Trainee: 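Got a structure for you, written out below as structure tokens; questions coming shortly.
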Protein chains: 2
Amino acid sequence: MSKTTSQRPQSGGPARSTAAGVTIGKLARAAQVGVETVRYYQRRHLLAVPHSARGGVRRYPSEMVDRIRFIKRSQSLGFSLDEIRELLRLEEGGSRSAIRKIAATRLTNIRDKLAALKRMESALADLLRECEHANSVAPCPIITALSVDPQDVIFSPNVARAA
Amino acid sequence: MSKTTSQRPQSGGPARSTAAGVTIGKLARAAQVGVETVRYYQRRHLLAVPHSARGGVRRYPSEMVDRIRFIKRSQSLGFSLDEIRELLRLEEGGSRSAIRKIAATRLTNIRDKLAALKRMESALADLLRECEHANSVAPCPIITALSVDPQDVIFSPNVARAA
DNA sequence: CTTGACTCCGTACCTAGGTACGGAGCTTAA
DNA sequence: TTAAGCTCCGTACCTAGGTACGGAGTCAAG
């Protein structure tokens, strides 16, 4: 549809010719990402750079939209771009166990972060509750806890900034 | 204690004189951070830079160790350096409500992250379980889910990379 | 008075995942 | 043919919280 100029929602302009495939701008719009993001994925080797057909403007197969969506969905599950590159490599025909291994590693990492965040959440919630119920002349319990408190209770060291 | 050279555990060297206070290296060691980290906190205005007593080497009051520990404990509860700067400013005499507001904001943020991580965790755990129980000839359920799946179920968009 | 350890200061680098800029060239509608 | 709008490519910038480097100065002990 819309080979000629008939309706085109997003900022129309010259972007197609008779050649097969779409230009990078159209690809990016279709995948709901920025052109710069597509180029970034190319630099990170998540997307191939098609051979430019003499002259310079490259044409992308429309399946590449699916590949970008794959990337985005994978990110939403917490995978890093490096992991997603592996997943894409394994996508067709790769061993299930390799895929599971990547997923399992990421799952462990997510659970670690979850545990760290839960500790923060409960410590902070406790302090906040304490502060709301403490009498007004006493020093703020939040500040007090942060000020000296060598007691563990609050945290095990170096759990906050774990990747 | 230990005004003279009597025992010094960590890599001795010239670091004190008759002047009051400690040098940056001693301060950093006492607070369990790197010298560069102390300087970084100075640049970020979490720590004051003492006037250098003619000649160049600055002397730090030992209370500054407590200040650095305050920063570290605050970080372990999830506060950003900007927030910690505020907390330090409010530490003595600041309004409790201002302190509570900072803590409450951070708590909300932590809970948001927690919710996002939980969604990731359960989606990923489900897929992994599915994959382990699926028969071997079928395509990997993880890949399948990432490949097309326009159905929501897995995620609400843009929840992954929230700050 | 030399030597070694430290300090001072500015600057660059790191992770992760992009975003932004800018000049040059291509494409196509008018 | 010209102008708009795109593409190409390299490079710099962003967040957050540091870490690393390197030259010059200082300080104290031997």
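Source: prediction; values computed, not measured. Only heavy atoms go into these numbers, but all of them, side chains included; no hydrogens, no water, no symmetry mates. We name chains A, B, ... by the order of the sequence lines, and we start the count at 1 in each one.
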Trainee: Please report, rounded to the nearest Å, how far the P atom of C:dG17 is from the CG atom of A:L47.
Mentor: 14 Å

Trainee: Kindly point out which of C:dG18, D:dT7, D:dT26 is positioned nearest to the side chain of A:L81?
Mentor: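 Between C:dG18, D:dT7, D:dT26, the one nearest the side chain of A:L81 would be C:dG18.
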
Trainee: What is the distance, to the nearest angstrom, from the NE2 atom on B:H51 to the C1' atom on C:dC8?
Mentor: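 So the two atoms are 17 Å apart, to the nearest Å.
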
Trainee: Which comes earlier along DNA chain D counting from the 5' end, the contact point of B:R44 or that of B:E36, where each point is its nearest nucleotide?
Mentor: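 So the residue in question is B:R44.
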
Trainee: Whole Å only: how far is the OH atom of A:Y41 from the P atom of C:dG17?
Mentor: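 The answer, rounded to whole Å, is 9 Å.
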
Trainee: Could you state the NZ-P distance from B:K26 to C:dA5, rounded to the nearest angstrom?
Mentor: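 It works out to 17 Å between those atoms.
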
Trainee: When you measure from the side chain of B:K72, which nucleotide among D:dG18, D:dT7, C:dG17 comes out closest?
Mentor: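 Selected nucleotide (nearest to the side chain): D:dG18.
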
Trainee: Rounded to whole Å, how long is the line connecting atom OH of B:Y40 with atom P of C:dC8?
Mentor: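 Whole-Å distance recorded here is 19 Å.
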
Trainee: Could you check whether any side-chain N or O of B:R106 sits under 3.5 Å from a backbone N or O of B:F79, counting only pairs where one atom can act as donor and the other as acceptor?
Mentor: no

Trainee: With respect to the side chain of B:R39, which nucleotide from D:dC8, C:dT7, C:dG18 is positioned closest?
Mentor: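 My answer, after comparing the listed nucleotides, is C:dT7.
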
Trainee: Please state how far atom CD in A:Q32 lies from atom P in C:dG18, giving the value in whole angstrom units.
Mentor: 15 Å

Trainee: What is the distance, to the nearest angstrom, from the CZ atom on B:R58 to the C1' atom on D:dT26?
Mentor: 13 Å

Trainee: Rounding to an integer number of Å, can you tell me how far A:R59 CZ sits from D:dC6 P?
Mentor: 14 Å

